[in-house]
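Note that this is a predicted model, so its numbers are computed, not measured. When reading the values below, keep in mind they use all heavy atoms of this one structure, side chains included, and skip hydrogens, waters and symmetry mates. Heads up: numbering here begins at 1 and tracks the sequence.
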Amino acid sequence: MLRYLLVYILFILTSVIEVLTKKKVLLLFLFCFVYLMLLAGLRGDSGIDTKNYLEFFGDATSKNASSYNLDYGFVYFSAIIKVIYDNPVFYFIVIATLAIGLKMYVVWKLSPLPIITSAILFGTYFLPLETNQIRQGIALGFTLLAVLYRVRNKKVYFFASILIGSCFHISAVLFTVIWFLKRKITSAYLLGIVRLSFFFVFISTEFLITNIVGFGLFWNEFMYAKLINYASKMEPVGFSPIQLWYILSTLFFFYFRKFVKSEIFDFLLNIFVLGIALNFFLNSFSYMLRITYYFLAVEVLLLGIALYHSRHFLNRLTILIVVFLLIFFKNYSYYFENIDVYK
């Protein structure tokens, strides 16, 4: 518990410095990266799926590797690491360096307040992705990299990033849709999407989605098996506080849209709203909500940009305190729900 609390305190202190100066401090940023990388890499067997990945790593270069039903890119990547140095600590450090490094690289490039943005990003996703769903953690790094290339209109690099990310977690292939997303969509139209999709929070889409997944003509065998696995875990979420947060966040970003006046901000907002719509639509399938992480993760970039353009220091500090309190309670709940695997 203490090591996770320390990183929380670290990010609070460095974020306050960034709020005061409104400047990028590379040395502090790199220090945060190294700390996060070591925290994830040196976690031992802590984490819900960590023991499963340790068992897989033991078989990574054997014929048994295929029996784990993992994405082929991750299997080959793990085998290469094992050949270089057959050590579980080295294995997790390499994975953490790749997953965390990709995310922080994009944050540094796109956010005017990279430490605050990283604090919110990893405050939200560190425990579930960097210490648990590590394949999707890597895939998320590549989809965020794809966002950077989409913003810069680098088509080849964009699709290459999605392709590589999909090799680690096949669900990342869905993120290709953002290439065809318009740069700017009116606020009224985006709010209409949020309002319409919100009805699906209370309406079951089980029949529709299971039939779409069951029509396997459009999927290859591996993807079909994954989709069937996701769709089979039908646990309706219902209305929850996180959905209220998404709605309030959307209104908050629409408000700041008037002051920011940035094409990048507008485009990120479009991606975020698409993620909210997907999240509401897939509400009948809690397991499939993981797919929406790729879209919803851009929220942290939007927050970083919005905070930077906030006119008063007290406004920035107040928003930051509220966000950090929410992150604390979220991680507190997640940690104690899984305390047996995070001791």
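Remark: Val94 pairs with Phe77, Ile81, Phe90 by the side chain to side chain contact (heavy atoms under 4.5 Å, CB included) rule, at least two apart or across chains. Residues meeting the salt bridge (charged side-chain N to carboxylate O under 4.0 Å, His left out) test with Arg257, sequence neighbours left out: Asp266. Qualifying side chain to side chain contact (heavy atoms under 4.5 Å, CB included) partners for Leu26, counting only residues two or more places apart in sequence or in other chains: Leu30, Trp108.
Between the CD atom of Glu263 and the CG atom of Leu268 there is a distance of 11.5 Å, given to the nearest 0.5 Å. One distance of note links CG of Leu129 with OG1 of Thr124; it measures 10.0 Å at 0.5 Å rounding. Interatomic distance, CG of Leu39 versus CD1 of Ile100, reported as 8.0 Å (0.5 Å rounding). Considering CD of Gln136 and CD1 of Ile291, their distance stands at 8.5 Å, rounded to 0.5 Å.
Arg150 places a side-chain heavy atom less than 4.5 Å from the side chain of Phe267.
Arg152 and Tyr157 are not linked by any side-chain donor-acceptor pair at a separation below 3.5 angstrom, with hydrogens and angles left out of the test. A donor-acceptor contact under 3.5 angstrom links the side chains of Tyr294 and Ser171, judged on distance only. With 3.5 Å as the limit, one finds no donor-acceptor pair spanning the side chains of Tyr149 and Ser161.
Connection of Phe11 to Leu325 is established within a shared hydrophobic cluster, with ILVMFWY side chains joined at heavy-atom distances below 4.5 Å, either directly or through further cluster members. Residue Tyr91 is not grouped with residue Val83 when hydrophobic side chains (ILVMFWY) are merged at heavy-atom distances under 4.5 angstrom, including chains of intermediate members.
Counting non-hydrogen atoms of other residues, nucleotides and ligands closer than 6.0 Å to CZ of Phe313 gives a total above 12. Within a 6.0 Å sphere centred on CG of Leu248, heavy atoms belonging to other residues, nucleotides or ligands number more than 12. In this structure, Lys51 places its NZ atom where only 12 or fewer heavy-atom neighbours from other residues, nucleotides or ligands lie under 6.0 Å away. The 12-atom threshold is exceeded at OH of Tyr68, counting heavy atoms of other residues, nucleotides or ligands nearer than 6.0 Å.
Ring geometry for Phe253 versus Phe272: interplanar angle over 60°, hence perpendicular rather than tilted (30 to 60°). Note on ring orientation: taking the six-membered ring where Trp is involved, the planes of Phe280 and Phe198 are perpendicular (angle over 60°, cut-offs 30° and 60°). Between Phe256 and Phe259, the ring planes lie perpendicular to each other; the angle is over 60°, past the 30° to 60° tilted range. Taking the six-membered ring for Trp and thresholds of 30 and 60 degrees, Phe31 and Tyr35 have ring planes inclined between 30 and 60 degrees apart.
Classification of Glu130 and Lys103 as a salt-bridged pair holds, one side-chain N sitting under 4.0 Å from a carboxylate O.
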